Amino acid sequence: MPHYKWDLAGSPPPLQRHSEVKHTLLRNYLVDYFLTLVPMPQQDKIQLTIVDGFCGGGLYQNESSQEVPGSPIVILEAIQEAQAQLMIQQDRRKPIDIDVELICIDESQNALDYLRYVLHQKGYERSLAEDKIRLIKGKFTDHCSTAIKRAEDRSPKSGRVLFVLDQYGYSAVPLHCLHEIFSKLKHAEVILTFYIDALLTYLDRTNLNNFERKTGLSTAIQASDLDATNRSPRWRGRLQSLLYQRLASQSSARFHTPFFIRPERGHGDFWLLHLSQHWKARDVMANTHWSHHNHFAHYGQAGFDMFSTGYIGKLDDGNKLQMGFDFSDVAAEVSKSTMMAQIPRLLFDRAEGITFEQFFLKLINTTPATQKMVQKTILDLHQLGEILVVDERGDTSRARVQLKGGHILKLPSQRSFLF
Ligand SMILES: C[S@@+](CC[C@H](N)C(=O)[O-])C[C@H]1O[C@@H](n2cnc3c(N)ncnc32)[C@H](O)[C@@H]1O
């Protein structure tokens, strides 16, 4: 992956299309995130901290030679966009105060100097002077604890903080930082870039040991996996699946959403992992993917258990990886029909039933579907008599649109299955 150079005497560095896609996702997600934090027009303020741990210089030139913003500017613009949308959607008289302190960390002084210049150009000098935007030079790992402490001090009750960790490769964010974030901050979220292709392409004993030592991750990769003669697209798919599951389970986050961006030209797949402590945060991210689907590819399966069969499910006739799950209308249809078949099977060995909340939380990390999509599928199955939804009193539910967390899902007693 290219390393950017910001130099005040030259033009901004070039940005490839797939990195612009990453910024689009970040912008869309943040707007959706702020909108969910302010459901009521009576609310007049929300307070949180955003840490851009690998912030860069704030400006690029895209493939059409246009200047495009880097992540710190994307974050600041998303705040303004959410404020404008909330004014209109909630018919507000007074604007909502989205009180964000943005902490920008980068190890490159040139990047920070450039960012300061861009922030001045864009009218943020007051925010800089008032420390609403802080620029910090150094390695993310060396400043992680201070940033966590600052977020704790600002929001001791809610623990609301978002870390954008857009590293170059795959080993600059150690697990101990993620543990600290998730153990100390109740509503912490992390968006982590991980260049999986770079790791796999050069995978050998030395690289693997370095990676494990630097991140603290135990990968469970076997010696036979390191044999260069065994490599195939299927090998890549299997190791991606293994690494994703190891990383997600060792990150200390309760919820995770893996999304994958594939550059138009050949190799270079990277992950944008969203890690969070609350299912709603994960649901907002999944919604963002469905509503802005055209840019994102996700090489998983529809329905539940998207990783069980190896996360790149199929190879085409030329033994190339098929285009993956793309969040299109067709993908929504496939998800729906897959879940229609899976849900009754998942209830098969639960004669006493399971609450909707338990069912959803158990499966959330395994599906690209949102809570609304799962709920709608359950209600449709209930209508069709394929499953039974029972309310708190034990009566068959009449719910048509919304399920409560306490609704119990089970199979009708006479139902039998042929698998
Ligand atoms: C991929 S670029 C980030 C781009 C930026 N997030 C954006 O979207 O515009 C990675 C940045 O991280 C910086 N960097 C690399 N290693 C770092 C580390 N260990 N700690 C902090 N910054 C680092 C680099 O100087 C570079 O500016």
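All ligand and atom numbering here is 1-based and tracks the order in the structure. Predicted model only: the values in this text are computed from it and were never measured.
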*What part of His23, side chain, backbone, both or neither, has a heavy atom within less than 4.0 angstrom of ligand 1?*
side chain
*Have a look at ligand 1 and work out which part of Ser19, if any, has a heavy atom under 4.0 Å from it: side chain, backbone, both or neither.*
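Neither part.
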*asked:* Between Lys410 and Arg350, is there a side-chain heavy-atom distance shorter than 4.5 Å?
replied: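 Sidechains of Lys410 and Arg350: no contact.
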Using distance alone, determine whether [X] and ligand 1 share an N or O pair under 3.5 Å.
{"X": "Gln167", "result": "no"}
{"X": "Asp166", "result": "yes"}
{"X": "Tyr4", "result": "no"}

*Could you check Gln61 against Ser11 for side-chain hydrogen bond (donor to acceptor under 3.5 Å, both in side chains), going step by step and ending with a plain yes or no?*
CA-CA 8 Å; Gln61 219 165 36; Ser11 16; 4.8 Å; no
With heavy-atom distances below 4.0 Å as the criterion, list the atoms of ligand 1 near [X].
{"X": "Gly138", "value": "20 (N), 21 (C)"}
{"X": "Gly70", "value": "9 (O)"}
{"X": "Gly56", "value": "27 (O)"}
{"X": "Ser108", "value": "25 (O)"}

When you measure from [atom] to each heavy atom in [options], which option holds the nearest one?
{"atom": "atom 7 (C) of ligand 1", "options": "Tyr60, Tyr114, Phe54, Phe140", "answer": "Tyr60"}
{"atom": "atom 27 (O) of ligand 1", "options": "Asp52, Leu165, Val74, Asp106", "answer": "Asp106"}
{"atom": "atom 16 (N) of ligand 1", "options": "Lys139, Gln109, Lys5, Glu107", "answer": "Glu107"}

*Report the residue from Val100, Ile50, Leu119 that forms a side-chain contact (heavy atoms from CB on, under 4.5 Å) with Leu76.*
Leu119
*asked:* Can you confirm if the NZ or CZ of Lys132 lies within 45° of the ring axis of Tyr124 and under 6.0 Å from the centre of its six-membered ring?
replied: no
Pair [X] + [Y]: basic N to acidic O under 4.0 Å:
{"X": "Lys372", "Y": "Asp283", "answer": "no"}
{"X": "Arg27", "Y": "Glu77", "answer": "yes"}
{"X": "Lys139", "Y": "Glu107", "answer": "yes"}

*Just wondering, are more than 12 heavy atoms of other shown residues or ligands nearer than 6.0 Å to CZ in Arg254?*
no
